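Keep in mind it's a predicted model, so treat the numbers as computed, not measured.
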Amino acid sequence: LRMYFGLDCVNYDELPYVSLLRTLLLNVSTKKYSVLELSSLIKTYLGGMSFSLPNVELENNNSKPYFAVGTSALVENVKYIPVVLNEVLLRSKFTKKEIKRILQQMLNNIRQTIIGSGNSVASMMASSKFSTTSNYDIMTSSGPVLYEIYNKMLKEFIYKEISTKL
């Protein structure tokens, strides 16, 4: 099962929050399950669960961003898909502690990407001036722009503002 939600309603400067949400969803507890219980439920009954931010290129250098949710299950476990999806999408608990922890992890991952793949990051940054897809990528995947945004978010950490935008 793959579901796509258009991000037309999200402003460009809010894209880092969508990227943060994508990472948070499978790394926080829900009202009913701890992170470990949720992970066990997904591994036991589903073929996995993923969240991604694909950006479909259109004509004339335009693009359309999406928030994608993917999961699969054996026929006998299909009944668990809506249960788990509803729990994750509608009942995830975004606590101060969890948001800070995930932001720190994301900063570390971006830093490692910049260090390990500097040439491709520089190429993406350069192409972002000419390509809407690359411009989208610098706000959702990695690179110095997203690193600075998350670093500022973590240093200033205003929980109410962050949780409202999620």
Side-chain angles (χ1 to χ4, degrees), residues 1-56 63-114 133 135-143 145-166:
L1 174 67
R2 195 123 174 104
M3 297 181 294
Y4 293 87
F5 302 93
L7 295 177
D8 298 334
C9 60
V10 177
N11 295 326
Y12 178 75
D13 60 335
E14 294 173 325
L15 287 173
Y17 291 94
V18 178
S19 183
L20 175 60
L21 176 64
R22 170 191 61 187
T23 304
L24 281 167
L25 284 173
L26 286 177
N27 292 292
V28 298
S29 299
T30 66
K31 290 183 180 177
K32 194 172 182 179
Y33 301 105
S34 70
V35 176
L36 292 175
E37 290 169 330
L38 189 61
S39 178
S40 178
L41 185 68
I42 291 168
K43 287 178 183 176
T44 302
Y45 298 107
L46 306 180
M49 184 178 287
S50 65
F51 298 98
S52 61
L53 300 171
N55 193 25
V56 178
S63 61
K64 181 159 177 68
Y66 291 93
F67 184 91
V69 179
T71 190
S72 61
L74 296 172
V75 173
E76 62 266 18
N77 294 330
V78 167
K79 63 186 174 196
Y80 292 100
I81 290 176
V83 172
V84 176
L85 277 177
N86 282 333
E87 189 68 25
V88 170
L89 293 174
L90 303 175
R91 296 180 187 93
S92 288
K93 297 189 305 190
F94 304 124
T95 65
K96 287 180 185 180
K97 180 181 175 183
E98 293 300 318
I99 292 174
K100 278 187 175 183
R101 181 181 62 83
I102 297 298
L103 270 173
Q104 188 60 57
Q105 286 177 356
M106 292 175 81
L107 275 172
N108 290 338
N109 290 343
I110 294 170
R111 184 182 307 115
Q112 291 303 314
T113 299
I114 292 169
T133 300
N135 198 23
Y136 173 81
D137 289 343
I138 67 168
M139 293 296 275
T140 59
S141 58
S142 65
V145 173
L146 194 58
Y147 181 86
E148 288 302 318
I149 291 168
Y150 286 155
N151 196 35
K152 181 179 178 188
M153 205 183 290
L154 192 59
K155 283 181 180 176
E156 295 175 357
F157 200 78
I158 304 170
Y159 173 73
K160 187 171 184 166
E161 178 182 319
I162 295 171
S163 62
T164 300
K165 290 189 178 187
L166 292 174

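By the 4.5 Å heavy-atom criterion applied to side chains, Phe67 and Tyr4 are not counted as neighbours. Put simply, the side chain of Val88 reaches to within 4.5 Å of the side chain of Phe51, judged on heavy atoms. Counting heavy atoms from C-beta on, the side chains of Val69 and Leu1 never come closer than 4.5 Å. The closest side-chain heavy-atom distance from Val10 to Leu15 is below 4.5 Å. Between Val18 and Leu7 there is a side-chain heavy-atom pair separated by less than 4.5 Å.
Considering all non-hydrogen atoms of both residues, Leu107 and Asn151 come closest at CD2-N, 3.6 Å. Scanning all heavy atoms of the two residues, the minimum distance from Ala68 to Arg2 falls at CB-NH2, 3.8 Å. Among all heavy-atom pairs drawn from Asn55 and Pro65, the shortest one is OD1-N, 3.2 Å. Heavy-atom minimum distance, Ile110 versus Ser141: CG1-O, 4.3 Å. The two residues Thr71 and Ile81 have their closest heavy-atom pair at CG2-CG2, 3.7 Å. Looking at every heavy atom in both residues, Asn108 comes nearest to Arg111 through OD1-NH1, 2.8 Å.
When the shell of 6.0 Å around NZ of Lys64 is examined, it contains more than 12 heavy atoms from other residues, nucleotides or ligands. Within 6.0 Å of NZ in Lys32 there are 12 or fewer heavy atoms belonging to other residues, nucleotides or ligands.
In this structure, the separation between CG on Leu24 and CD on Gln105 is 10.0 Å, given to the nearest 0.5 Å. Within the model, atoms CG of Asn109 and CD1 of Ile102 stand 9.5 Å from one another, a figure rounded to the nearest 0.5 Å. A distance of 4.0 Å separates CE in Met49 from CG in Leu85, rounded to the nearest 0.5 Å. Note that CD1 of Ile149 is 3.5 Å distant from CE of Met139, once rounded to the nearest 0.5 Å. Separating the OH atom in Tyr136 from the CD1 atom in Ile138 is a distance of 12.5 Å, to the nearest 0.5 Å. The distance from the CE atom of Met106 to the CZ atom of Arg22 is 6.0 Å, given to the nearest 0.5 Å.
The aromatic rings of Tyr45 and Tyr80 sit parallel, their planes meeting at an angle under 30°, below the 60° perpendicular limit.
Remark: the backbone N or O of Thr23 is paired with a side-chain donor or acceptor of Asn27 at under 3.5 angstrom. No side-chain donor-acceptor contact under 3.5 Å links Thr44 to the backbone of Leu41. Between the Glu98 side chain and the Thr95 main chain, no donor and acceptor come within less than 3.5 Å of each other.
In this structure, a donor-acceptor pair under 3.5 Å is absent between the side chains of Arg91 and Ser29.
Listed by first then second residue, pairs satisfying ring-ring contact (aromatic ring centres under 6.0 Å, His included) with a partner in residues 147-166 number zero, not counting sequence neighbours.
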Next on the checklist: Pair Asp137, Leu53 - check side-chain contact (heavy atoms from CB on, under 4.5 Å), show working.
Outcome noted: CA-CA 9 Å; Asp137 289 343; Leu53 300 171; over 6 Å; no

